[in-house]
Amino acid sequence: MPELPEVETVRRALERHAAGLTVESVRGHAVQLRRPLDLARLRRRLPGRRLSGFRRRGKFLLADLDPPGALLVHLGMSGRLLLCDPAAPLLPHTHLVASLGPALELRFVDPRRFGLVDWLGPGAETRDPSLSELGIEPLDERAVHELPPLLHARRAPLKALLLDQRLVAGVGNIYAAEALWRAGLRPTRPGHRTALPRLERLVEEMQAVLGEAVDQGGTTIRDFASPEGNFGDFAVRLQAYGHGGEPCPRCGEPFIDDRLGGRSTVWCRRCQR
DNA sequence: CCAGTATCCTGCAGGC
DNA sequence: TGCCTGCAGGATACTG
């Protein structure tokens with residue numbers, strides 16, 4: 001479900017409503033997520049710690065705690081973090097609930113269980129395999145200079161490269177499709193067969209579409225919502241993703257909807273080359 | 001090392 | 001109506 005703009009939307013909501021609060025208690029079930037949810041450890045570590053701030057790295061969310069430590073969260077395909085009144089009914093597949101005082105709970109809900117919630121002790125962040133292998137932050141200035149040559153050095157299709165979190169961390173299936181359409185590049189085009197100026201354009205378009213989506217609070221396709229329950233407003237601005245078979249807004253040619261690397265891939269045969 | 005595929009899991013839409 | 005199949009915004013363990 002969530003790519004960089006959706007995770008950033010979640011981060012900002014938590015910063016607004018949960019920063020400064022202290023975790024009083026934790027409950028849930030030790031289910032198998034992408035990593036096993038170690039409820040016993042979370043119950044040992046979290047209570048009494050204050051949420052000092054929230055950071056994002058790629059599609060990962062980091063809740064900084066004081067005394068030091070951090071909670072690592074990934075939303076996978078269907079994960080949600082919700083800020084709720086404690087009296088509100090639990091949604092199905094609520095795996096973890098942290099009480100933040102008498103009037104507020106932070107809940108992690110994830111039907112498909114591709115997400116994760118994990119404790120990171122002081123210093124564990126640099127050693128965590130998921131975090132340490134992440135590539136460039138796509139909205140960072142560095143991406144403009146460093147990403148084009150990295151893409152140019154690889155033979156894989158551009159779309160697969162944009163989705164590779166070790167190269168650039170935060171782009172998923174929606175925004176990869178949008179960036180490639182905006183840049184006029186075929187998703188199947190091999191990186192090393194793409195001229196550097198075109199790769200620079202791709203990075204610019206990637207930054208533009210991610211930035212606009214962040215400004216709109218992300219994209220809600222089926223069920224994304226911020227922790228306050230707001231839906232993202234960017235879906236109406238998607239011009240390629242989800243528009244297979246419809247005419248390309250730029251040239252009128254019907255969009256192709258095929259599969260690349262097991263993911264649905266919408267693109268325009270006429271203006272993406 | 002690199003590229004491509006299979007796999008984890010539930011919910012839902014569409015075809016019959 | 002009900003059953004079946006395939007697909008969904010992701011990451012990663014495999015294979016060759």
Identify, with sequence neighbours excluded, every residue that meets ring pair (Phe, Tyr, Trp, His ring centres under 6.0 Å) alongside A:F60. A:H74

Say you pick atom P in B:dC9 and the same atom in C:dC14; how far apart are they, in whole Å? 15 Å

Among C:dG10, C:dT12, B:dT10, which is the nearest nucleotide to the side chain of A:E3? C:dG10

Expressed as a whole number of angstroms, how long is the span from A:L158:CG to B:dA3:P? 12 Å

Select base, sugar-phosphate, or nothing to describe what A:R35 touches, counting heavy atoms under 4.0 Å on all strands. nothing

May I ask you to check if A:R44 and A:W119 form a cation-pi contact, with NZ or CZ under 6.0 angstrom from the six-membered ring centre and within 45° of the axis? no

Which nucleotide, B:dG4, C:dT12, B:dC9, lies nearest any side-chain atom of A:R34? C:dT12

Please give me the minimum heavy-atom distance between A:G191 and A:L161, naming the atom from each residue. CA-CD1, 4.1 Å

Options C:dA8, C:dA11, B:dC2, nucleotide nearest the side-chain atoms of A:Y241: C:dA8

Does the B:dA3 base have a donor-acceptor partner in the side chain of A:R154 within less than 3.5 Å? no

Carboxylate-amine/guanidinium contact A:D64 A:R50, below 4.0 Å: no

Let's see if you can work this out: which of C:dA8, B:dT10, B:dC9 has an atom nearest to the side-chain heavy atoms of A:H93? B:dT10

Verify side-chain contact (heavy atoms from CB on, under 4.5 Å) between A:H192 and A:R154, making sure each step is shown before the conclusion. CA-CA 5 Å; A:H192 73 120; A:R154 302 281 296 267; over 6 Å; no

Just so I know, are the side chains of A:R56 and A:L62 near enough to count as touching, which here means a heavy-atom distance under 4.5 Å? no

Of the options C:dG10, C:dA8, B:dG11, whose atoms approach the side-chain atoms of A:S264 most closely? C:dA8

Interatomic distance, A:D164 CG vs C:dT12 P [rounded to whole Å]: 10 Å

Quick one: which of B:dA3, C:dA11, C:dA8 gets closest to the side chain of A:M77? C:dA8

When you match A:L163 and A:D257 each to their closest nucleotide on DNA chain C, which lands nearer the 5' end? A:D257

For residues A:Q272 and A:W267, determine if any side-chain heavy atom of one lies less than 4.5 Å from a side-chain heavy atom of the other. yes

With a 4.0 Å cutoff (strictly under), does any side-chain N or O of A:R263 reach OP1 or OP2 of C:dA8? no

Watson-Crick and G-U pairing of DNA chain B, under 3.5 Å, as dot-bracket with | and [ ]: .|||||||.|||||||

Does A:S130 put a side-chain nitrogen or oxygen below 4.0 Å from OP1 or OP2 of C:dG10? no

Where the side chain of A:R112 is defined as all heavy atoms beyond and including C-beta, which of C:dG10, B:dA3, B:dC9 is the nearest nucleotide? B:dC9

Atom CD1 of A:I221 to atom P of C:dA8: distance rounded to whole Å? 12 Å

Describe the nucleic acid contact of A:Q32 in one word from base, sugar-phosphate, nothing, applying a heavy-atom distance below 4.0 Å. nothing

Nearest whole angstrom, please: distance from the P of B:dC2 to the CG of A:L161. 11 Å

From CZ of A:R155 over to P of B:dA3, roughly how many Å is that when rounded to an integer? 8 Å

side-chain hydrogen bond (donor to acceptor under 3.5 Å, both in side chains) for A:R186 and A:T188? Distances and angles first, verdict last. CA-CA 5 Å; A:R186 193 164 29 94; A:T188 52; 2.9 Å; yes

Distance check needed: B:dC8 C1' versus A:L37 CG, whole Å only. 16 Å

When we call it a touch if two heavy atoms are under 4.0 Å apart, what does A:G262 touch: a base, just sugar-phosphate, or nothing? nothing

Rounded to whole angstrom units, what separation is found between the CG atom of A:N173 and the P atom of C:dA8? 8 Å

Rounded to whole angstroms, how far apart are CG on A:L131 and C1' on C:dG10? 15 Å

